[in-house]
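Atoms within each ligand, like the ligands themselves, are counted from 1 in listed order.
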Amino acid sequence: MKIIAYGIRDDEKPYLDKWSEENPDVEVASTGELLDESTVDQAKGADGVVTYQQKPYTAAVLDKLGSFGIKFLSLRNVGVDNIDVDAAKRNGIQVTNVPAYSPEAIAEFTVTQLMRLLRRTNTFDRKQANGDLRWAPDIADELNQMTVGVFATGRIGRAAMRIYKGFGAKVIAYDIYHNPELEKEGVYVDTPEELYAQSDVISLHAPATKENEHMINDQTLAKMKDGVFILNPARGALIDTDALIRALDSGKVGGAAIDTYEDEVGIFNTDFGSFDKIPDDRLKNLMKRENVLVSPHIAFYTKRAVRNMVFFAMDANKSLISTGKSDKLVQL
Ligand code: COI
């Protein structure tokens, strides 16, 4: 059995080597290159493909895999929004993801960024760098006095809720699907509008779908409390960036932590050498603001998460090839 792993980064390599050692029955090929039309031919002869990238898995790529007889594509991440579903289906390609490599990693980072916003650490860091050690006017807010509205209560949303509760915040949530445990606790509100109206902080944990593209926009922002904090460790497409900038300008939004950005592909996880060379003016607009924390999609980036992404995706691919089954199959 042969599996080819695409887009393997240096930090993933030791985990892939370890997995290979533990699975001597599998021939593992790997490349640092992403899976696209220029690299897909490397998959010829493999039984399965393991990959992670934010770049789209296009119809052309999936048709090529289909023509090589490859039916198993295992993603090392959660999100499946970059897959051409029709092409995967027509080629009979089954897709697995890693739904829980570490929900806690993302939740912990999200709350870290919120605490930084509330305690104005970005502002104090910038002041101190200029020798200004004064307190005023940067007086902070306390999370234990706030209501946090969690949008989507999947594994990551629930992990974030546990931490918010630990800080003593009031936590409410909206999701189409109600988690039975949370339902018993009575945390759910019935509509997104109720969440917006009641929350001091909106914590986004939804996958990107056609329906929720730009769910944070001029209209929905207008329904939120003045000075609301917006946290997006989920998907850039959830936020209309121009609307967010307008709301930051007006003070409607008091602060934002943006770990995902709608135009991040090709920008995040790249070294441009200097701030000025970052080729995205909207992103730079956000990055210049003291009350906005931009981070390059790093909420997931912990040793445990990266290890699990490699191991769980390789396990899933092997299982699909050898048994036709995996508990990580995605319903496309
Ligand atoms: C995902 O798992 O879908 C993520 O967003 C993290 C990604 C950068 C690997």
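Residue contact check: Y101 has heavy atoms under 4.0 Å from atoms 1 (C), 2 (O), 4 (C), 6 (C) of ligand 1. Those atoms of ligand 1 with a heavy atom of R235 less than 4.0 angstrom away are 1 (C), 3 (O), 4 (C), 5 (O). Contact atoms of ligand 1 toward G79: 1 (C), 3 (O) (distance under 4.0 Å to a heavy atom of the residue). Contact atoms of ligand 1 toward Y52: 7 (C), 8 (C), 9 (C) (distance under 4.0 Å to a heavy atom of the residue). Near V78, with a cut-off below 4.0 Å to any heavy atom, the atoms of ligand 1 are 1 (C), 2 (O), 3 (O).
The pair D138-K127 meets the salt-bridge criterion, with a side-chain N (NZ, NE, NH1 or NH2) lying under 4.0 Å from an Asp/Glu carboxylate O. D63 and R90 are joined by a salt bridge, as a carboxylate oxygen and a charged side-chain nitrogen come within less than 4.0 angstrom of each other. Note on D17 versus K13: salt bridge recorded, some NZ/NE/NH1/NH2 to OD/OE distance being below 4.0 Å.
Ligand 1 has no N or O atom lying under 3.5 Å from any N or O atom of M309, backbone or side chain. Among the atoms of Q54, none of the N or O lies under 3.5 angstrom from an N or O of ligand 1.
R126 forms no cation-pi arrangement with F124, by the criterion of a distance under 6.0 Å to the ring centre and an angle within 45° of the ring axis.
The distance between the ring centers of F268 and H297 does not fall below 6.0 angstrom.
With S295 contributing its side chain and I298 its backbone, the two residues share no donor-acceptor pair below 3.5 Å.
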